[in-house]
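First the structure, in the form of structure tokens, and then the observations on it.
Numbers here are sequence positions counted from 1. Every number for a ligand or one of its atoms is a count from 1 in the order of the listing. All values reported here derive from a predicted model rather than from experimental measurement.
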Amino acid sequence: MDESVSFVKQNFLNAFGESPSVVSRAPGRVEVLGNHTDYNEGYVLSFAVDKGVWAACGGSTTEQIKLLSSHYGDSPITLHETVPQKENPWTNYPLGVYAVLRDNGFPVRPFNMAVYGNVPLGAGLSSSAALEVACGIALTTLFDFQVEPAELAKHCQRAEHTFAGTHCGLLDQFSSIFGKKDHVLFIDFRSLDHQTIPLPSHNLCVAVTTSGISHSLVESAYNERREECARAATFFSRSDPSVRTLRDISPERLMSAKGALDDTAYRRALHIVGENERVLNGIQLLRQGDLVQFGKLLHQSHESSRVNFENSCPELDTLVDIAGMIEGVYGSRLTGGGFGGATLSLLDWESREEFEAKIREKYTAKTGAEANVYFASVDDGARVVEP
Ligand code: GLA
């Protein structure tokens with residue numbers, strides 16, 4: 001049995017004196033291309049990775065929910081009320097999922113749960129979505145009801161909005177659910193249609209490099225970007241009510257608004273419109289196996305983040321610059337929300353040792369901070385592991 005499964009089952013047994021009825025697993029995700037496009041109803045390429053969250057779950061005979069995380073202490077936390085928690089903020093993710101499912105009429109009841117995760121925290125791999133999805137899947141199995149996977153992603157997103165207070169898009173939960181081993185997931189966030197595209201080369205290596213930087217205002221900066229994008233969309237919808245979001249704006253139309261739209265909103269829109277274009281081009285390049293051109297799109301994406309969306313930071317720029325100078329690297333960019341966090345780099349398998357050594361050495365020399373490189377395998381989406 002997978003070590004992580006035995007570990008989380010043992011934790012459950014130690015805490016609750018019986019074996020869990022269900023064990024689920026949900027992966028972290030990497031955003032490949034399509035930055036901040038999800039809440040603008042645009043396009044994204046992403047995949048799920050081999051690091052994730054395992055949730056062991058069983059029914060309770062009491063009216064309380066009891067949660068244990070191997071990251072946060074040895075004894076379970078008992079929750080008496082289904083309201084957002086100020087203490088032990090991590091409990092908001094499972095509790096939020098439970099509350100949203102219950103409020104949507106699903107037959108959930110109080111439960112006991114032990115969770116274990118190996119997604120690096122604060123690395124931009126969305127450990128929080130993995131926790132929500134693992135919890136959602138465990139509860140549907142434990143209480144024996146069906147939820148369409150895309151609906152489950154939305155319930156998990158709602159939990160994050162209402163319990164954790166982050167107004168994220170749907171990318172993280174969706175990727176954790178629909179990821180496919182050795183495939184890139186293409187998602188249209190207007191229709192929620194999605195397809196998978198095989199990774200073009202078995203020689204391809206995926207590196208996620210954490211910058212060690214986490215912006216203290218990351219949530220407010222994220223929400224501010226959302227508002228700026230909405231402001232840009234409103235500018236267009238005033239004269240054309242068919243415009244709902246920046247998804248409806250072509251590059252030409254945006255360009256014709258330069259000067260009329262305020263500069264900040266214009267640059268935010270330029271990023272989103274450009275990202276949508278890059279994703280659509282990127283799909284063709286992946287299908288043709290053209291990693292060289294695909295890699296260039298990653299660099300363009302980062303540049304646009306740096307200049308237009310202003311969600312990069314000097315440390316992420318340094319990581320991307322160093323990666324760009326290493327032979328065998330196709331492309332590199334910040335991944336996820338930005339304002340710190342991690343970069344994604346695509347490289348040849350043979351370059352991985354040199355990549356790790358150079359990144360670590362040069363990054364520390366330049367910034368004084370420490371970078372960590374994690375070579376990810378592209379994995380399947382969430383599932384029930386037991387029974
Ligand atoms: C975070 C959010 C996602 C998405 C990305 C940026 O990861 O949770 O919904 O907006 O940032 O693309």
Side-chain angles (χ1 to χ4, degrees), residues 26-49 92-93 96 119-133 150 153-179 184-190 192 194 208 210-211 214-215 217-230 233 245-247 268-269 271-279 282 297-298 301-302 304-306 308-313 316 333-344:
R29 66 94 191 91
V30 169
E31 171 201 286
V32 180
L33 208 50
N35 185 242
H36 285 255
T37 49
D38 59 348
Y39 56 82
N40 288 296
E41 297 187 322
Y43 307 114
V44 183
L45 293 174
S46 66
F47 46 65
V49 294
N92 281 314
Y93 300 103
V119 184
L121 297 179
L125 293 173
S126 217
S127 52
S128 47
L131 175 53
E132 291 151 15
V133 171
K154 289 187 197 166
H155 292 316
C156 291
Q157 179 199 28
R158 179 123 300 277
E160 186 143 347
H161 286 193
T162 51
F163 272 67
T166 311
H167 290 271
C168 59
L170 197 53
L171 164 67
D172 309 339
Q173 297 78 6
F174 210 87
S175 309
S176 181
I177 290 179
F178 289 100
V184 178
L185 185 63
F186 164 56
I187 314 156
D188 175 339
F189 277 103
R190 171 159 282 170
L192 295 190
H194 51 98
V208 176
T210 55
S211 64
S214 64
H215 195 304
L217 297 174
V218 66
E219 269 160 33
S220 57
Y222 183 92
N223 292 341
E224 191 181 284
R225 291 297 176 279
R226 272 195 89 135
E227 282 159 23
E228 289 161 350
C229 289
T245 60
L246 288 176
R247 154 68 172 268
R268 305 304 186 239
H271 181 65
I272 302 305
V273 171
E275 285 293 278
N276 282 333
E277 289 270 299
R278 281 186 280 278
V279 170
L297 295 179
L298 300 196
S301 166
H302 186 80
S304 176
S305 270
R306 190 177 72 78
N308 297 323
F309 213 65
E310 296 179 287
N311 63 332
S312 187
C313 61
L316 292 176
R333 62 175 287 264
L334 71 79
T335 178
F339 313 105
T343 62
L344 160 73

Check ligand 1 for close polar pairs with the protein: N or O on both sides, less than 3.5 Å.
from: ligand 1; atom 1: 7 (O); to: R29; atom 2: NH2; distance (Å): 2.8
from: ligand 1; atom 1: 7 (O); to: D172; atom 2: OD1; distance (Å): 3.3
from: ligand 1; atom 1: 7 (O); to: D172; atom 2: OD2; distance (Å): 3.3
from: ligand 1; atom 1: 8 (O); to: D172; atom 2: OD2; distance (Å): 2.5
from: ligand 1; atom 1: 9 (O); to: D38; atom 2: OD2; distance (Å): 2.6
from: ligand 1; atom 1: 9 (O); to: G169; atom 2: N; distance (Å): 2.8
from: ligand 1; atom 1: 9 (O); to: Y222; atom 2: OH; distance (Å): 3.4
from: ligand 1; atom 1: 10 (O); to: D38; atom 2: OD1; distance (Å): 2.8
from: ligand 1; atom 1: 10 (O); to: D38; atom 2: OD2; distance (Å): 3.4
from: ligand 1; atom 1: 10 (O); to: Y222; atom 2: OH; distance (Å): 2.6
from: ligand 1; atom 1: 11 (O); to: G337; atom 2: N; distance (Å): 3.2
from: ligand 1; atom 1: 12 (O); to: E31; atom 2: OE1; distance (Å): 2.5
from: ligand 1; atom 1: 12 (O); to: H36; atom 2: N; distance (Å): 2.7

Residue pair N311 / S305, side-chain donor-acceptor N/O under 3.5 Å: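 Present: a donor and an acceptor within the cut-off.
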Kindly assign one of parallel, tilted or perpendicular to the pair [X] and [Y], based on the angle between their ring planes and the thresholds 30° and 60°.
| X | Y | result |
| --- | --- | --- |
| F174 | F189 | perpendicular |
| Y222 | H36 | tilted |
| F186 | Y43 | tilted |

Test log, rule salt bridge (charged side-chain N to carboxylate O under 4.0 Å, His left out), inputs R247 and E41: CA-CA 6 Å; R247 154 68 172 268; E41 297 187 322; over 6 Å; no
Would you mind checking if E31 and R333 are paired as a salt bridge, meaning a charged N to carboxylate O distance below 4.0 Å?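 Yes, R333 and E31 are salt-bridged.
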